[in-house]
Amino acid sequence: MVIPHRIAEEFRQNLLNWGRNNLINYPWRKNRTPYRVLVAEILLHRTRAEQVVPLYNSLLSKCPNIFSLAAMDIEELRRLLRSAGLRWRVDLMHRMARMIVDEYGGRIPERKEDLMELPGVSEYIASAVMCFAYGHPEPLLDTNTVRIAGRVFDIEIKDSSRRSKKMRELMRSLLDIEKPDIFNYAMIDFGKKVCRKRDPDCIICPLQICSYRRRFAGTLVKK
DNA sequence: ATCCAGAGGA
DNA sequence: TCCTCGGGAT
């Protein structure tokens, strides 16, 4: 699935323009050190962002850097993050912190291959750190961004599409090379606020080339 | 009941 | 290329 350059550019500019006034101001978007981005992305793993905010703040006050996280008592860490569920994720995060201290002297790797060697870190979290912390133009495939691409370009989306290489190349062709972080934030927030999974707000959608919109509008008229 | 800024294991 | 993990919000 190749998107014509002009269509991709139009999509890119429309999305960036929407993001200009609609990006959400999460705490992990303010001071984007590699450690803070990494911790946030792990907490955001299959967990709603609004639910992560208080946990992220309390975790960072307890563990302001990778060394304090690696030295943190595992039981205390489990208690701190209990309400987020996915308890095994806490153990992976702790193992990850110790590995970064032991093998990288406490510096978060800047190579994607190195990041993906860390426990609990795979394609998405590695790409997020590369983009948001280090400024590299990596596309992000998550539940929001894949859904948007599927609707806008009329591609059938399965749960496995997040790991699809073709979908990744499509997302890369849409990505804004100059502002990859803003583009990815805009994609995530647009998927959350407008192009929602349930009840998408097609009325205010600034993107004009979506086939899903036409189908949805049709059902609205019938009603 | 369904879904959530996915990753690990089979 | 399947499936499971998890508490919490809607």
Side-chain angles (χ1 to χ4, degrees), chain A residues 15 19 22-30 32 34-60 77-97 99-100 112-134 136-151 156-168 171-172 174-175 180-201:
Chain A
L15 185 77
N22 293 284
L23 294 192
I24 306 173
N25 191 18
Y26 292 113
W28 50 85
R29 292 182 178 181
K30 294 176 184 173
R32 289 183 287 162
Y35 171 71
R36 294 166 62 94
V37 172
L38 181 56
V39 168
E41 295 301 337
I42 292 172
L43 293 180
L44 286 163
H45 174 173
R46 210 166 162 74
T47 308
R48 293 176 191 278
E50 290 69 23
Q51 189 180 351
V52 169
V53 171
L55 289 174
Y56 174 82
N57 288 329
S58 58
L59 177 59
L60 253 81
L77 195 58
R78 286 174 183 158
R79 284 197 301 274
L80 185 65
L81 302 175
R82 175 172 37 86
S83 66
L86 293 177
R87 207 180 314 189
W88 53 270
R89 163 178 62 177
V90 179
D91 294 18
L92 288 175
M93 174 166 50
H94 196 244
R95 284 174 47 200
M96 176 205 71
M99 183 168 171
I100 291 174
K112 191 175 167 188
E113 313 87 82
D114 293 338
L115 287 167
M116 290 179 66
E117 293 291 323
L118 299 170
V121 178
S122 185
E123 186 83 45
Y124 178 86
I125 295 179
S127 297
V129 172
M130 290 296 286
C131 178
F132 297 140
Y134 290 121
H136 297 293
E138 284 290 327
L140 282 189
L141 275 70
D142 75 341
T143 176
N144 287 305
T145 64
V146 169
R147 180 178 62 252
I148 295 171
R151 286 174 177 170
E156 186 176 358
I157 294 303
K158 293 179 291 185
D159 193 34
S160 59
S161 298
R162 272 177 302 180
R163 303 192 185 193
S164 158
K165 185 174 181 180
K166 286 190 174 182
M167 186 60 64
R168 183 167 185 81
M171 293 297 305
R172 184 180 294 282
L174 299 175
L175 183 67
D181 51 348
I182 303 299
F183 177 87
N184 281 328
Y185 284 153
M187 285 289 281
I188 294 168
D189 292 353
F190 187 75
K192 184 192 304 287
K193 296 170 74 173
V194 181
C195 197
R196 303 182 290 248
K197 177 154 190 176
R198 329 174 175 179
D199 188 30
D201 199 350

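Atom set for the values below is all heavy atoms of this structure, side chains included, hydrogens, waters and symmetry mates excluded. So that the names make sense, note that chain A is the first sequence line, chain B the second, and so on, each numbered from 1.
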Can you find an N or O donor on one side and an acceptor on the other, under 3.5 Å apart, linking the side chain of [X] with the base of [N]?
X: R163(A); N: dG8(B); result: yes
X: R162(A); N: dA5(B); result: no
X: T47(A); N: dG6(B); result: no
X: R46(A); N: dG6(C); result: yes

Could you state the interatomic distance from [atom1] ([X]) to [atom2] ([Y]), rounded to the nearest 0.5 Å?
X: L43(A); Y: R89(A); atom1: CG; atom2: CZ; result: 6.0 Å
X: L86(A); Y: H45(A); atom1: CG; atom2: NE2; result: 6.0 Å
X: N144(A); Y: M187(A); atom1: CG; atom2: CE; result: 9.0 Å

Reckon [X] has a side-chain N or O less than 4.0 Å from the OP1 or OP2 of [N]?
X: W88(A); N: dG6(C); answer: yes
X: K197(A); N: dT2(B); answer: no
X: R48(A); N: dG6(B); answer: no

Between [atom2] on [N] and [atom1] on [X], what's the gap in Å once rounded to a whole number?
X: N144(A); N: dA5(B); atom1: CG; atom2: C1'; result: 7 Å
X: R79(A); N: dG6(C); atom1: CZ; atom2: C1'; result: 19 Å
X: R89(A); N: dA5(B); atom1: CZ; atom2: P; result: 12 Å
X: N184(A); N: dG6(B); atom1: CG; atom2: P; result: 13 Å
X: D91(A); N: dG6(B); atom1: CG; atom2: P; result: 20 Å
X: L38(A); N: dA7(B); atom1: CG; atom2: C1'; result: 14 Å
X: R32(A); N: dA5(B); atom1: CZ; atom2: C1'; result: 14 Å
X: K192(A); N: dC3(B); atom1: NZ; atom2: C1'; result: 12 Å

Side chain of [X]: nearest nucleotide among [options]?
X: A49(A); options: dA5(B), dT2(B), dA7(B); result: dA5(B)
X: R147(A); options: dA5(B), dA7(B), dC4(B); result: dC4(B)
X: R198(A); options: dG7(C), dA5(B), dC3(B); result: dC3(B)
X: L86(A); options: dG8(B), dG6(C), dA5(B); result: dG6(C)
X: T143(A); options: dT10(C), dA5(B), dG6(C); result: dA5(B)

Practice task
Would you mind classifying the nucleic acid contact of V121(A) as base, sugar-phosphate or nothing, using non-hydrogen atoms under 4.0 angstrom?
Solution key: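 Counting heavy atoms under 4.0 Å across all strands, the contact made by V121(A) is with sugar-phosphate only.
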Practice task
Answer with base, sugar-phosphate or nothing: what part of the nucleic acid does I125(A) contact at a heavy-atom distance below 4.0 Å?
Solution key: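 Answer is sugar-phosphate: I125(A) comes under 4.0 Å of backbone atoms only.
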Handout entry: P gap between dT10(C) and dA5(B), integer Å
Key =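 12 Å, rounded to whole Å.
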Handout entry: Span that lies between the P atom of dA7(B) and that of dG8(C), in whole angstrom
Key =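 One P to the other, the span is 23 Å.
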Practice task
Take I188(A) and G120(A), find for each the nucleotide of DNA chain B with the closest heavy atom, and name the residue whose nucleotide sits nearer the 5' end.
Solution key: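 The residue closer to the strand's 5' end, by nearest nucleotide, is I188(A).
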Problem - Residue mapping more 5' on DNA chain C - nearest nucleotide basis, R82(A) or K158(A) - result: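 Upstream on the strand: K158(A).
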Practice task
By nearest nucleotide on DNA chain C, pick out whichever of D159(A) and S83(A) is the more 5' one.
Solution key: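 Checking each residue's closest nucleotide, the 5'-ward one belongs to D159(A).
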Exercise for the section: Under the side chain to side chain donor-acceptor pair (under 3.5 Å) rule, collect the residues that match up with D114(A), sequence neighbours excluded. Expected result: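 D114(A): side chain to side chain donor-acceptor pair (under 3.5 Å) contacts with R111(A).
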Problem - Pairwise side-chain hydrogen bond (donor to acceptor under 3.5 Å, both in side chains) hits with a residue in residues 188-198 of chain A, at least two apart - result: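 Qualifying pairs, neighbours excluded: R29(A)-D189(A).
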Exercise for the section: Evaluate the ring planes of W28(A) and Y26(A), with Trp represented by its six-membered ring, and classify them as parallel (under 30°), tilted (30 to 60°) or perpendicular (over 60°). Expected result: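 Because their plane-to-plane angle is under 30°, the rings of W28(A) and Y26(A) count as parallel.
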Practice task
Examine the side chains of S127(A) and R168(A) and answer whether a donor and an acceptor come within less than 3.5 Å of each other.
Solution key: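 Their side chains do contain a donor-acceptor pair, which is all the 3.5 Å distance test asks for.
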